[in-house]
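Just so you know, residue 1 is the first one in the sequence shown, and it goes up from there. Please read all numbers here as calculations on a predicted model, not as lab measurements.
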Amino acid sequence: MKIGLYGGTFDPIHIGHLIVLENTLNFMGLDKIIVLPSSNPPHKQNKKKTDTSIRVEMVKAAIEDNPKLELSTFEANDDSVIYTHQTLDYFKNKYPEHEFYYIMGEDSFMTIDSWRNYEKILNDHLIVFARTSIEKDSDLVKKFEQIKKDNEKIYLIDNLNINISSTLIRDLVKENKSIKYLVPDPVYKLIKEYELYV
């Protein structure tokens, strides 16, 4: 099976994330994608985050109607920092019969040189999702093409761009503005129930 791995803070998960997932399933012909909420992402250790169990609950609610999306709490079991290369190693060692593709957004890809063991990640199957329409001479394309010379297993998807962020959603809630259609209805209900981001 071809399986995607998609990690994130998901505070909250929103339709931009879900469109990335569905588009990647379509574009790459993946059999399924495992979604990994992170309790303590390395790049956000000092930032305030919603309780991990609530973020996991939101992800579960958002994807439970899609049989090709699966929740994993591998990165959310405790407050320890788990690096991407460790996640890749875990799944590849546990399920050696499957082929894993790590999915990341443009922002993460552009700063990947600061990640721990990033060379190892860049040698794996990697799917990069552009945030906006790609310009041929952009920094993103230049970096992608440079890495593709050494790794043919890297892919760039830009055929559907939805520029929505969790920060935008948190800010809208804080300002008492509507987030309808920006998050799935079950996630909207949980945000209301737990009085998040107010």
Side-chain angles (χ1 to χ4, degrees), residues 1-14 16-17 20-21 24 28 30 32-56 58-59 63 69-132 134 138-158 163 165-167 170:
M1 285 175 66
K2 292 168 66 175
I3 300 174
L5 299 173
Y6 188 53
T9 312
F10 303 119
D11 195 9
I13 188 167
H14 53 69
H17 293 127
V20 164
L21 293 169
T24 305
M28 293 298 302
L30 301 183
K32 71 175 177 179
I33 296 175
I34 297 172
V35 185
L36 296 129
S38 177
S39 61
N40 199 3
H43 57 294
K44 294 185 179 178
Q45 288 182 67
N46 298 319
K47 291 188 178 178
K48 185 182 176 187
K49 296 176 285 291
T50 301
D51 184 88
T52 305
S53 64
I54 294 175
R55 290 187 285 113
V56 167
M58 286 193 286
V59 170
I63 69 173
L69 300 179
E70 180 181 308
L71 169 68
S72 169
T73 57
F74 173 73
E75 293 187 357
N77 282 327
D78 56 41
D79 204 35
S80 61
V81 175
I82 298 177
Y83 294 92
T84 298
H85 71 92
Q86 294 173 309
T87 298
L88 278 162
D89 285 345
Y90 169 78
F91 281 98
K92 289 195 307 188
N93 291 331
K94 188 169 184 182
Y95 307 103
E97 69 278 16
H98 299 315
E99 199 169 58
F100 288 95
Y101 293 71
Y102 194 80
I103 303 162
M104 65 168 55
E106 173 182 337
D107 298 349
S108 298
F109 179 67
M110 293 305 293
T111 60
I112 197 169
D113 302 32
S114 65
W115 292 22
R116 182 171 293 192
N117 286 355
Y118 74 92
E119 300 98 333
K120 188 174 181 180
I121 300 165
L122 289 177
N123 280 320
D124 239 307
H125 285 98
L126 199 60
I127 299 169
V128 180
F129 212 97
R131 187 180 276 272
T132 56
I134 293 176
S138 68
D139 290 340
L140 171 62
V141 170
K142 287 176 186 172
K143 183 164 189 154
F144 174 80
E145 288 177 347
Q146 179 187 355
I147 291 166
K148 195 164 181 72
K149 289 176 186 174
D150 298 315
N151 179 13
E152 284 293 320
K153 300 177 293 185
I154 183 171
Y155 307 90
L156 182 60
I157 299 179
D158 75 327
N163 196 0
S165 71
S166 296
T167 303
R170 293 195 301 269

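Across all their heavy atoms, Val35 and Val59 have their closest contact at CG1-CG1, 3.8 Å. Across all non-hydrogen atoms, the minimal contact from Ile13 to Met58 is CG2-O, 3.7 Å. Annotation for His85 and Arg116: closest pair CD2-O, 3.5 Å, computed over non-hydrogen atoms. Closest of all the heavy-atom pairs between Ser72 and Ile34 is CB-CG2, 3.4 Å. Of all the heavy atoms in Ser166 and Pro12, the pair that sits closest is OG-O, 2.8 Å. Looking at every heavy atom in both residues, Ser39 comes nearest to Ser80 through OG-O, 3.9 Å.
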Output, in order, the C-alpha distance, side-chain angles, deciding distance and verdict of side-chain contact (heavy atoms from CB on, under 4.5 Å) for Asn151 and Leu122. CA-CA 7 Å; Asn151 179 13; Leu122 289 177; 5.5 Å; no
Evaluation steps, side-chain contact (heavy atoms from CB on, under 4.5 Å), between His14 and His17: CA-CA 6 Å; His14 53 69; His17 293 127; 3.2 Å; yes
Checking Val128 against Leu140 for the side-chain contact (heavy atoms from CB on, under 4.5 Å) test, could you report, in this order, the C-alpha distance in whole Å, the side-chain angles of both residues, the deciding distance, and whether it holds? CA-CA 10 Å; Val128 180; Leu140 171 62; 4.3 Å; yes
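Proximity of Tyr102 to Asp124: side-chain heavy atoms (C-beta onward) are nowhere separated by under 4.5 Å. Using a 4.5 Å heavy-atom threshold, the side chains of Leu30 and Ile127 count as touching. Side-chain atoms of Glu106 and Asp158, non-hydrogen and from C-beta on, never get closer than 4.5 Å to each other. At a threshold of 4.5 Å between non-hydrogen side-chain atoms, the residues Thr84 and Met104 do not count as touching. Residues Phe109 and Ile147 form a side-chain contact, since some pair of their non-hydrogen atoms from C-beta on lies under 4.5 Å apart. No side-chain heavy atom of Leu5 sits less than 4.5 Å from a side-chain heavy atom of Tyr90. Taking the side chain as every heavy atom from C-beta outward, Val20 and Tyr6 approach each other to under 4.5 Å. In this structure the side chain of Asp89 reaches within 4.5 angstrom of the side chain of Lys120, judged on heavy atoms.
Relative to the ring axis of Phe10, Lys49 does not place its NZ or CZ within 45° and under 6.0 Å from the centre.
The CE atom of Met1 sits 8.5 Å away from atom CZ of Phe100, with the distance rounded to the nearest 0.5 Å. Asp113 contributes atom CG, which lies 8.5 Å from atom CD of Glu119 (distance to the nearest 0.5 angstrom). Taking CZ from Phe74 and CZ from Phe91, the interatomic distance works out to 6.5 Å, rounded to the nearest 0.5 Å. For the atom pair CG (Leu88) and CG (Asn117), the distance works out to 11.0 Å, reported to the nearest 0.5 Å. With values rounded to the nearest 0.5 angstrom, Arg170 atom CZ is found 7.5 Å from Thr50 atom OG1. In this structure, the separation between CG on Leu156 and CG on Leu126 is 10.0 Å, given to the nearest 0.5 Å.
Listed for the Ser138 side chain is a donor-acceptor partner under 3.5 Å among the backbone atoms of Val141. Under a 3.5 Å cut-off, the side chain of Asn163 and the backbone N or O of Arg131 do not form any donor-acceptor pair.
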